[in-house]
Protein chains: 2
Amino acid sequence: MMMSVVETGRRERKKLATRAALRQAALRLALRDGVENVTAERIADEADIARRTFFNYFSGKEEALLATAAVGAEAVVARFRARPPEESVLHALREAVLEVMDRDDVAGHEHVAVLRLARAAPSLLPQQLSVLAAQEKALAAAIGSRLAEPDDAYARLCATVAFATLRLTLDRWLERSTGDDPPPLEVLRAEVATAFATLAAGLDRP
Amino acid sequence: MMMSVVETGRRERKKLATRAALRQAALRLALRDGVENVTAERIADEADIARRTFFNYFSGKEEALLATAAVGAEAVVARFRARPPEESVLHALREAVLEVMDRDDVAGHEHVAVLRLARAAPSLLPQQLSVLAAQEKALAAAIGSRLAEPDDAYARLCATVAFATLRLTLDRWLERSTGDDPPPLEVLRAEVATAFATLAAGLDRP
DNA sequence: TGCATTCGTGCACGGCGTGCATCGAGTCCG
DNA sequence: CGGACTCGATGCACGCCGTGCACGAATGCA
C-alpha cells in the first residue's frame with residue numbers, strides 16, 4: 001500500500017479519467033438543465049457510467065459539482081506554500097489568491113461557472129462551505145510551518161479568516177454580474193486587495 | 001397577513017410548542033442513540049407527531065438538531081444590536097458574544113450539547129455552517145446600521161470574519177474537552193477576547 | 001353559529017446512499 | 001507465459017428522505 005501521489009498504472013489513470021468524466025458530466029448537466037434537475041442517475045448516464053459507480057466517487061451530486069471548486073481552493077493553498085518565506089502571512093495569502101485568479105484557463109472558467117451555480121442554488125451552499133472548511137486545515141498547517149515560533153491559534157485564525165474573506169469577496173463580485181457573465185477580473189483583484197488590506201490594518205472601527 | 005413577531009393566538013402557541021417538541025426530541029434521540037441512528041421517523045415518533053408534520057417544520061434531521069444552535073447565533077446578533085452605539089464594532093461584538101456565553105441556562109447547555117454533537121458528526125457540519133452563513137446577513141445589516149457612513153463591504157467583512165472567528169474559537173474550546181464535559185467557561189472567555197484582540201490589532205505577521 | 005383559514009395527517013412516488021455479491025480487467029510473480 | 005491475486009465496475013435490494021396532494025379537524029372571525 002503506497003501513499004505515493006504519482007500512481008503510475010493503467011488502473012490509476014482510468015480512475016482519474018472516470019472521476020473527471022463524472023465531474024464534467026455533472027457540470028454540463030447543471031448548466032444545461034439547471035441544478036435542481038440534476039440527479040445522480042442522470043450524471044451517471046451522461047458519463048456512461050453506472051449509478052452505483054458514481055457513488056463510489058462522490059457522496060452525491062453536490063460533491064460532484066463542487067469538486068471543481070475544491071480544486072481551486074487547493075490551488076490557493078499550494079500557491080501559498082510556494083511563496084517566499086520572507087513575505088508576511090497576509091501578503092503571501094493575497095498573492096496566492098491573485099495568482100490562482102490570474103490563471104485564465106479552462107479550469108478557472110469552470111470554477112467560476114460552479115460558483116455562479118452555487119450562488120443561485122441554495123442546496124449547494126452547505127457543500128460549498130464544507131469544501132472551504134476542509135481546506136482550512138491544510139491552510140492552517142501551511143501557515144503554521146511558516147511562522148518563526150509555532151502558534152496554532154493564530155495559524156487557524158488566519159486560515160479561517162482568509163477563506164471566509166475570499167468567499168465573501170467572490171460572492172460580492174458575482175453579485176455584480178450584469179446579464180450572464182461576471183464583472184472583469186480587475187474588479188475582483190481590487191476587491192481582494194482592499195479586503196486583505198483591511199484585515200492587515202486592523203478590522204475594528206469606532 | 002400580519003408579520004408581527006408576537007402572534008397571540010392559540011394556533012401560534014401550538015405551533016411553537018410543536019416546533020420545540022420536535023427540536024427537543026431530536027436532541028434527546030441524538031444524545032441517547034447517536035446522531036447516525038436518528039431518523040425523521042424516530043424524531044416524529046419520539047414527539048408523538050406524524051412524520052409528514054415533522055417535514056412541515058424542518059427540512060431534515062440536521063436542521064432540527066441545529067435549530068438549537070441557530071437560536072444562539074441569533075442571540076448574538078440581538079445582543080449586538082443592544083450594545084451602546086459609542087462602542088467600536090469589534091468591542092460591541094466581543095461583548096455580545098460574552099453576554100450570550102454568560103447565560104448559564106438550559107438553552108445554553110443544550111447549545112453546547114449540540115455543538116459537541118456537531119464536532120463528532122461530520123454530517124452536521126454543512127448545516128452548521130449554513131446556520132452561521134444565514135445569520136451573517138442579519139449581523140452585517142446590524143453592523144451597517146451602526147456605522148457613521150454606510151460601508152457594505154466593511155460591514156459584511158466584519159460579520160463574516162466575526163462568525164468565522166466565533167466558530168473557530170468554539171471549536172478549539174470543545175477540542176480541549178477532557179472526558180465528557182467541556183473546559184471551564186473562563187477559558188472560552190479568554191480565547192474569545194484574544195481572538196478579537198488579534199483581529200483588532202491587525203492579523204498580519206512577518 | 002356558520003364560514004374561511006390553516007394545520008395535522010396519510011398516501012404515494014421518485015430520488016438517495018449503501019451493503020453485498022459478482023464479474024472482469026489490471027497487476028504481480030514464478 | 002500463465003495462474004493467482006487485487007481492485008474497480010456493476011446490478012440488486014433495501015430503508016430512508018423530502019414533497020405534492022387531498023382530506024378532515026382545529027382554530028379564528030364575523
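Chain A is the first sequence line, chain B the second, and so forth, proteins listed ahead of strands; every chain is numbered from 1.
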Item checked: Separation of atom CZ in B:Arg13 from atom C1' in D:dT27, rounded to whole Å -> 11 Å
Margin query: Please report the distance, rounded to the nearest Å, between CD in B:Gln127 and P in D:dC17.
Written below: 14 Å
Margin query: Does B:Phe54 reach a base, just sugar-phosphate, or nothing at all? Heavy atoms under 4.0 Å.
Written below: nothing
Next item on the list: Looking at every strand, decide which applies to A:Phe58 at a 4.0 Å heavy-atom threshold: base, sugar-phosphate, or nothing.
Entry: nothing
Note to self: Before you tell me yes or no, could you show the steps for A:Tyr154 and A:Val89 under side chain to side chain contact (heavy atoms under 4.5 Å, CB included), namely the whole-Å CA-CA distance, both residues' side-chain angles and the distance that decides it to 0.1 Å?
What the structure shows: CA-CA 11 Å; A:Tyr154 171 76; A:Val89 175; 3.9 Å; yes
Note to self: Applying a 4.0 Å non-hydrogen cut-off, can you work out what B:Arg52 is touching in the nucleic acid: base, sugar-phosphate, or nothing?
What the structure shows: base
Next item on the list: Look at the side-chain N and O atoms of B:Tyr57 and state whether any lies under 4.0 Å from the OP1 or OP2 oxygen of C:dG8.
Entry: yes
Notebook entry, point to check: To the nearest angstrom, how far is B:Arg42 atom CZ from D:dC17 atom C1'?
Noted result: 15 Å
Check: Closest to the B:Thr18 side chain: C:dG17, C:dG8, D:dT10?
Finding: C:dG8
Notebook entry, point to check: With a cut-off of 6.0 Å (strictly less than), are more than 12 heavy atoms of other residues, nucleotides or ligands near CZ of A:Arg42?
Noted result: no
Next item on the list: Nearest whole angstrom, please: distance from the C1' of D:dG18 to the CD of B:Glu63.
Entry: 12 Å
Notebook entry, point to check: Got more than 12 heavy atoms from elsewhere within 6.0 Å of CG, A:Asn37?
Noted result: yes
Next item on the list: May I ask you to verify whether the side chain of B:Arg51 and the base of D:dG18 hold a donor-acceptor pair under 3.5 Å?
Entry: yes
Next item on the list: Check whether NZ of the Lys or CZ of the Arg A:Arg146 lies under 6.0 Å from the centre of the six-membered ring of A:Phe80 and within 45 degrees of that ring's axis.
Entry: yes
Item checked: A:Asn56 side chain, from C-beta outward: closest of D:dT19, C:dT6, D:dT10 -> D:dT10
Notebook entry, point to check: How many Å lie between CZ on A:Arg11 and P on D:dC5, as a whole number?
Noted result: 14 Å
Margin query: So A:Thr53, base contact, sugar-phosphate only, or nothing? Heavy-atom distance under 4.0 Å.
Written below: base
Notebook entry, point to check: How about A:Arg79 and A:Glu95: do any of their side-chain heavy atoms sit closer than 4.5 Å?
Noted result: no
Next item on the list: Record whether the side chain of B:Arg10 comes under 3.5 Å of the base of D:dT27 through a donor-acceptor pair of N or O atoms.
Entry: no
Check: What nucleotide among D:dC17, C:dC16, D:dT10 has an atom nearest to a side-chain atom of A:Ala40?
Finding: C:dC16
Item checked: Shortest side-chain distance from A:Lys14, nucleotide among C:dC7, C:dG26, D:dC17 -> C:dG26
Check: Quick one: A:Asn37 CG to C:dG15 P, roughly how many Å, whole number?
Finding: 11 Å
Notebook entry, point to check: Expressed in angstrom and rounded to an integer, what is the separation of A:Asp45 atom CG from D:dG11 atom C1'?
Noted result: 14 Å
Item checked: Protein-nucleotide distance (B:Leu29, atom CG; D:dC16, atom P), rounded to Å -> 14 Å
